[in-house]
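Below is one structure; the comments refer to it alone.
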Amino acid sequence: MKKLLYDMQVKQPIDVENSINSGQVFLWKKNDKYWYGINGQDVLQVDEYGKIKSLKNYKTDFFRNKDNFDKIIKSISKDKIVKNAVKKYPGLRITKQDPFQCIISFIISSNSNIQKIKNNLENISKRFGERIEYKDQEFFLFPNARILSKASINEIKKCGVGYRAEFIKEAAKIISSEKFKIENLKTDSYSDAKKKMCIIPGIGNKVADCILLFSLDKLEAFPLDRWMIRILEKYYSKKFQLNTKTITEKQYEILHKKIVDYFGPYAGYAQQFLFKMERENYRKKWL
DNA sequence: CAATCCCCTATGCA
DNA sequence: ATGCATAGGGGAT
């Protein structure tokens, strides 16, 4: 019966273009009519409907098709602002990425911009990842944690990541160690998983929330970066009074609590719709 | 050509 | 304990 109900849900089609162009992923490119993206040790080929084929056929629910969108949209639609954003980008999805690649991507994102993040990640793939051919095209897979944990700081620096090279190596060491089972974080609570993520150097509040939301199924994660703070100041200044420019750890925690109180357990989806809407208003480039 | 701007974290000091 | 200022690639503008 449950299965039947699931199948009967009318699903909003996936908006592949806008989901990829929403600041979540960096190693994607469009070729003719397909999008191709590196997801860890796999390459995904995605058609205009979001149907996925892949090099290794690893099972993935990359666009979170199993989420109950009716329920989620209803849940986050608390006001006109979110409702408008949802109406504008109805097929926008949160991605479910390879966790290690996601970790390195967002460690690199700090004090950077999308163009540079993309270059850095491409350099890492080319230097440390396996070269493969798929659908008559050349790709470089993302190196696994073990390989990056053994790379030298200097080699990593050659990818243009600067002072983040130490963070990357250390993160790779932790992730590849026996004790740290990254997949187990998927079944941990949000706050447990977040505590564990923040042990890794280069990962603070914001980066942890990106990783939790985009790769570890924590849909209440709500990354608060400069842009989101600006958005909250613009549309929600009464609801969440933002006092300072520099948001400290304690303030971040308090603000996140208020946000989850307001938007509910799928707050991360609200974040993605708001973020996409505002960045498009400013005509920011994505890839 | 210098100055400034970027999706932040870690650190040191008050 | 908490707040605040600042350093830290490098590329684009």
Side-chain angles (χ1 to χ4, degrees), chain A residues 18-28 85 92 94-95 97 101-124 126-127 151-172 174 194-215 221-235 241-257 259 267-268 270-287:
Chain A
N18 278 321
S19 299
I20 286 169
N21 288 313
S22 63
Q24 302 183 58
V25 294
F26 307 95
L27 291 176
W28 284 74
L92 181 66
I94 300 270
T95 55
Q97 307 173 31
Q101 183 178 332
C102 193
I103 287 168
I104 301 303
S105 300
F106 286 97
I107 286 176
I108 286 174
S109 77
S110 84
N111 199 18
S112 192
N113 54 64
I114 287 177
Q115 209 49 241
K116 188 164 173 271
I117 299 164
K118 186 181 145 95
N119 285 337
N120 292 166
L121 289 169
E122 279 174 1
N123 292 340
I124 288 176
K126 279 187 184 144
R127 189 171 286 268
S152 76
I153 301 285
N154 265 336
E155 278 291 279
I156 300 173
K157 275 193 175 156
K158 283 178 188 160
C159 301
V161 298
Y163 65 96
R164 304 171 194 81
E166 280 94 344
F167 295 160
I168 292 169
K169 186 176 168 76
E170 202 51 38
I174 292 172
K194 183 155 182 179
K195 275 177 206 138
K196 290 178 190 169
M197 285 307 315
C198 288
I199 290 167
I200 299 170
I203 299 184
N205 265 312
K206 186 268 176 185
V207 169
D209 277 333
C210 288
I211 296 162
L212 293 173
L213 180 59
F214 302 142
S215 73
F222 194 104
L224 289 161
D225 57 13
R226 273 196 177 74
W227 278 90
M228 271 322 293
I229 296 290
R230 247 179 263 168
I231 291 167
L232 295 181
E233 277 169 346
K234 184 170 170 186
Y235 300 108
Q241 52 270 62
L242 295 291
N243 9 356
T244 45
K245 278 259 181 217
T246 46
I247 184 153
T248 65
E249 205 165 317
K250 194 73 193 166
Q251 290 169 324
Y252 191 108
E253 200 181 312
I254 292 165
L255 185 52
H256 180 258
K257 277 211 178 75
I259 284 166
Q271 184 270 355
Q272 203 57 30
F273 283 108
L274 292 170
F275 188 75
K276 175 69 182 173
M277 178 183 70
E278 199 68 359
R279 293 275 296 196
E280 288 295 342
N281 286 343
Y282 283 85
R283 299 174 186 282
K284 282 287 182 184
K285 277 194 193 162
W286 295 106
L287 280 179

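Chain letters run A, B, ... following the sequence lines, proteins first, then strands; residues in each count from 1. For the numbers below, each heavy atom of this structure counts, side chains included, while hydrogens, waters and symmetry mates do not. Note that the coordinates shown come from a computational prediction; the quantities given were computed from them, not determined experimentally.
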Test: A/Glu278 and A/Lys234 ion pair at under 4.0 Å:
yes
Secondary structure string for DNA chain C (Watson-Crick or G-U under 3.5 angstrom, | for other-strand pairs):
.|||||||.||||
Which value, in whole Å, describes the distance between the C1' atoms of nucleotides C/dG10 and B/dT11?
22 Å
Which of A/Ile153, A/Asn120, A/Ile103, A/Val161 passes side-chain contact (heavy atoms from CB on, under 4.5 Å) with A/Ile168? Answer is A/Val161
For atom C1', what is the distance between C/dG11 and B/dA10, given to the nearest Å?
23 Å
From CD of A/Glu249 over to P of B/dA10, roughly how many Å is that when rounded to an integer?
9 Å
Search all heavy atoms of A/Ile107 against all heavy atoms of A/Val207 and return the closest pair with its distance.
N-CG1, 4.0 Å
Atom P, compared across C/dT6 and B/dT4: separation rounded to whole Å:
14 Å
Looking at side-chain heavy atoms only, is the closest gap between A/Arg127 and A/Asn123 below 4.5 Å?
no
Exactly one candidate in A/Leu27, A/Leu213, A/Val25 meets side-chain contact (heavy atoms from CB on, under 4.5 Å) with A/Gln97; the answer is A/Val25
Between A/Phe106 and A/Phe26 (judged by ring centroids, cut-off 6.0 Å), do the two rings come close enough to count as a pair?
yes
In whole angstrom, what separates A/Gln272's CD from B/dC7's C1'?
12 Å
Residues in residues 200-210 of chain A with a heavy atom under 4.0 Å of DNA chain C, by number, are none
If we take the P atom in both B/dC7 and C/dT13, what is their distance in whole Å?
13 Å
Please state how far atom CD1 in A/Ile199 lies from atom P in B/dT9, giving the value in whole angstrom units.
16 Å
Non-hydrogen atoms of A/Ile259 and A/Phe222 that approach each other most closely:
CG2-CD1, 3.5 Å
For B/dT9 and C/dA12, measure between their C1' atoms and round to the nearest Å.
23 Å
Could you go through nucleotides 9-11 of chain C and list every protein N or O atom that sits under 3.5 Å from one of its N or O atoms, giving the distance for each pair?
unit_1: C/dG9; atom_1: N7; unit_2: A/Lys116; atom_2: NZ; d: 3.0
unit_1: C/dG9; atom_1: O6; unit_2: A/Asn111; atom_2: O; d: 2.8
unit_1: C/dG9; atom_1: O6; unit_2: A/Asn111; atom_2: OD1; d: 3.3
unit_1: C/dG9; atom_1: O6; unit_2: A/Asn111; atom_2: ND2; d: 2.8
unit_1: C/dG9; atom_1: N1; unit_2: A/Asn111; atom_2: ND2; d: 3.0

